[in-house]
A.B. asks: 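My structure is below; once you've seen it, I'll send some questions.
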Amino acid sequence: MINIRFPDNSVKEFEAGVSSLEIAESISPALAMQVYASTVNGEVRDLSRPIIEDSSVIFHKWEDREARHTFWHTSAHLLASALEELYAGIKFGIGPSIENGFYYDVDPGEGVVISESDLPAIEARMKELAKEKRKVERIEMSKADALKLFEEKGDEYKTELIRDLEDGTISLYSLGTFTDLCRGPHLPDTANIEAIKLLSVAGAYWKGDEKRKMMTRIYGVSFPKQKLLDDHLKMLEEAKKRDHRRIGKELELFAFSQKVGMGLPLWLPRGADMRQRLIDFMTAELKHRGYTIVSTPHIGNVELYKISGHYEKYGADSFQPMNTPQEGEQFMLKPMNCPHHCEIYNATPHSYKDLPVRMAEFGTVYRYEQHGELHGLTRVRSFTQDDAHHFCEADQMKEEFKSIIDLVQWVFKSLNFSDYKAQISLRDATNKEKYIGNDENWEKAQKAIIEAAGEKGLETKVVEGEAAFYGPKLDFMVRDAIGREWQLGTIQVDYNLPERFDMSYTGADNQKHRPVLLHRAIFGSLERFVAVLIESTAGKLPLWLSPDQVIILPISEKYHDYAKKVLNLLNNYDIRTLIDERSEKIGKKIRDNELKRIPYMLIIGENEERSSTVSVRKQGEGDKGIMKTEEFVDFIREQVKKELE
RNA sequence: GCCGAUGUAGCUCAGCUGGUCAGAGCAGCUGAUUUGUAAUCAGCAGGCCGGGGGUUCGAAUCCCUUCAUCGGCUCCA
């Protein structure tokens, strides 16, 4: 007999070799129906796997990540199983669970294409297989045997994966006739996989290497109940409605033109208004925080980027240099503001008493992003960074770093941005040739970032190998409407440019010293930031930022004069106001302006005119009752003030 | 850049297997209506069916090519 300890610390005895599913059944059959995986002694395991010693057991229901991942992992195998039946000679890469579902990378063979129109048939076969309640069985064998098995099958991808594994026992899982190299865990059988939806097909390089074969990746999601799937699909639909590309068009914020060129956003008047407001908002705060504002040209001599190292690293993948009529002169569209800022630093002598120097610019940069990468406003070829560079002494670095984190937190809070993550990116110590700079400086910089983040109480994820080529960084990431992660703010340490630009300051010892450079952006790029803002608010921008704040809706033409009086009053207080003068019924005017997401509507007719009032209606909420017009002015001003507090 | 898909009026979309297939709704314009909290009515105007080749007696519809967009992959200073 063995002792099984549960999360509530109770202990029960079972026979050795009992499975966690059997334990769940012994507690209650209802529980057994709801669990999909278990954690045994800290390791997530198959429910069907025998437990042979005293152990602690935690059951995972659907609400737990572990349960969903197990469920989706088995679903991926089910997908593979169906594919193996439907496509003779198909070969398999990897098929993991992901945050919202699963995928399988396959090579259907020369000349065979799996496209979205094939998905329903595959899905149908998966459902049939699931209904057969196929058992999922774990098989363990030596690496050599596993290798032999997959070599006989002729599956070169699996054999490659096995060769990469360390020697020892390898686990495989079989589901019906399909056997896969797999660490697990899995569901005991497929009976619970009731609702399945294959979502899309895409290309994906084998092992993420663009030099290797492009596999066909099939994405899907599955649930134990149809209702859950329906809800999930509905949620995806709703998310699509928040897409900034759609809202940007609807609300006439920005546009793209093939004639101007792909990835080059055009800010329409309303979008430009909002963008400028963000710039003003940030600029005011920067002045409070000891920044100076600078301005630099959109192009720079190619030599500048040779000095900075950007030319060597990115020159081939940039917009190519432009030539002047004078021979031998070459200029590049600037892909970065920092080299220009370095030259601003060098334009005047510096003493340790001046440091830190904090230099900010809303600098527009141009990067030749790959064709397939362009995406609305989040990935463009021309964008404006709220860029700044801090030049400081080495021992000021951490404080500067902390002050920047503080600024990011303040800005995000001001904009009600709570759903962001912070990521520290370090270099890949096993692949140093990807980076420039010496070990000592890298170590120092990485340490300073980690400590600064820690001292600001910032919860961070540390990722190795994601650093910029010149230094480690701390990025602030957010998700868009369809779940993609984007980098907004970033803080980066750079020992490299001060070296390359031979920057210096005079210390208290009257000697020349090298400053440390910190790059930082808070919004990141205005384009991307606006995109994320649109998606997180579904286009319902905060009052202070909204291009139009109030629209006056006269009941009929008779009240246009009064409407204009109200308009003038509001305009005098810088409340951005419009009048809807169309000869439409009030219901129609309300509907149209609701859809335009104008924060407040003022309905005025006979009653309002007679009593010098307005009928206030809030976007998305409805009628808020009658107010004296002056009262409304105060109310709006108060709201704006509150938002920016 | 790579894989797959898509591309019809400003927007959302119909147009099956090639032969009144160039359509609808919204937006726009004109007129009527003068309206009380999410769509008043009528009329008009709008498209070389992304561009270029081809197959065919005949192409929005089939093929090739090119451009752009979408979903991914790779990349992201």
A.B. asks: Using Watson-Crick or G-U wobble geometry with both distances under 3.5 Å, which nucleotide pairs with B/C41?
C.D. replies: B/G31

A.B. asks: A/K473 NZ to B/C76 C1': how many Å, rounded?
C.D. replies: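 These atoms are roughly 8 Å apart.
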
A.B. asks: Any donor-acceptor pair under 3.5 Å joining the side chain of A/R528 to the base of B/C76?
C.D. replies: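 Side chain to base: no pair below 3.5 Å.
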
A.B. asks: Taking the nucleotide of RNA chain B with the nearest heavy atom to each, does A/D623 or A/P335 sit closer to the 5' end?
C.D. replies: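 Nearest nucleotide further toward 5': that of A/D623.
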
A.B. asks: Pick the nucleotide of RNA chain B nearest each of A/I603 and A/F469; which residue has the one closer to the 5' end?
C.D. replies: A/I603

A.B. asks: If I take atom CZ in residue A/F256 and atom C1' in nucleotide B/G7, what distance separates them, rounded to the nearest angstrom?
C.D. replies: 18 Å

A.B. asks: Which nucleotide in the set B/C11, B/G1, B/G36 lies at the smallest distance from any side-chain heavy atom of A/Y368?
C.D. replies: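 It is B/G1.
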
A.B. asks: Has A/Y219 got its ring stacked on the base of B/G72, with centres under 5.5 Å and planes less than 30° apart?
C.D. replies: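 The base of B/G72 is not stacked with A/Y219 (the test needs centres under 5.5 Å and planes under 30°).
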
A.B. asks: Is it the case that more than 12 heavy atoms not belonging to A/K197 sit under 6.0 Å from its NZ atom?
C.D. replies: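 No, NZ of A/K197 has 12 or fewer neighbouring heavy atoms, counting only those of other groups under 6.0 Å.
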
A.B. asks: The side chain of A/N607 is closest to which nucleotide in this list: B/A38, B/U40, B/G36?
C.D. replies: B/G36

A.B. asks: Output, in order, the C-alpha distance, side-chain angles, deciding distance and verdict of salt bridge (charged side-chain N to carboxylate O under 4.0 Å, His left out) for A/R528 and A/D480.
C.D. replies: CA-CA 10 Å; A/R528 182 176 289 177; A/D480 69 11; over 6 Å; no

A.B. asks: Within 90° of 0 counts as syn, otherwise anti: where does B/G46 fall?
C.D. replies: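 Syn conformation for B/G46.
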
A.B. asks: Short of 4.0 Å, heavy atom to strand atom, which residues of residues 110-124 of chain A count as contacting RNA chain B?
C.D. replies: A/V113, A/S115

A.B. asks: Quick one: do A/E250 and A/R246 make a salt bridge, cutoff under 4.0 Å?
C.D. replies: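 Salt bridge between A/E250 and A/R246, a charged N being under 4.0 Å from a carboxylate O: yes.
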
A.B. asks: Let me know the distance between NZ of A/K596 and C1' of B/A38, rounded to the nearest Å.
C.D. replies: 14 Å

A.B. asks: May I ask you to say what A/G605 touches in the nucleic acid, namely base, sugar-phosphate or nothing, with a heavy-atom cut-off under 4.0 Å?
C.D. replies: base

A.B. asks: Between A/K585 and B/C41, does any side-chain N or O lie under 4.0 Å from OP1 or OP2?
C.D. replies: no

A.B. asks: Does A/R212 count as lying over the ring of A/Y205, i.e. NZ or CZ under 6.0 Å from the six-ring centre, within 45 degrees of the axis?
C.D. replies: no

A.B. asks: For A/R245, which contact category applies under a 4.0 Å heavy-atom criterion: base, sugar-phosphate, or nothing?
C.D. replies: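 Sugar-phosphate only.
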
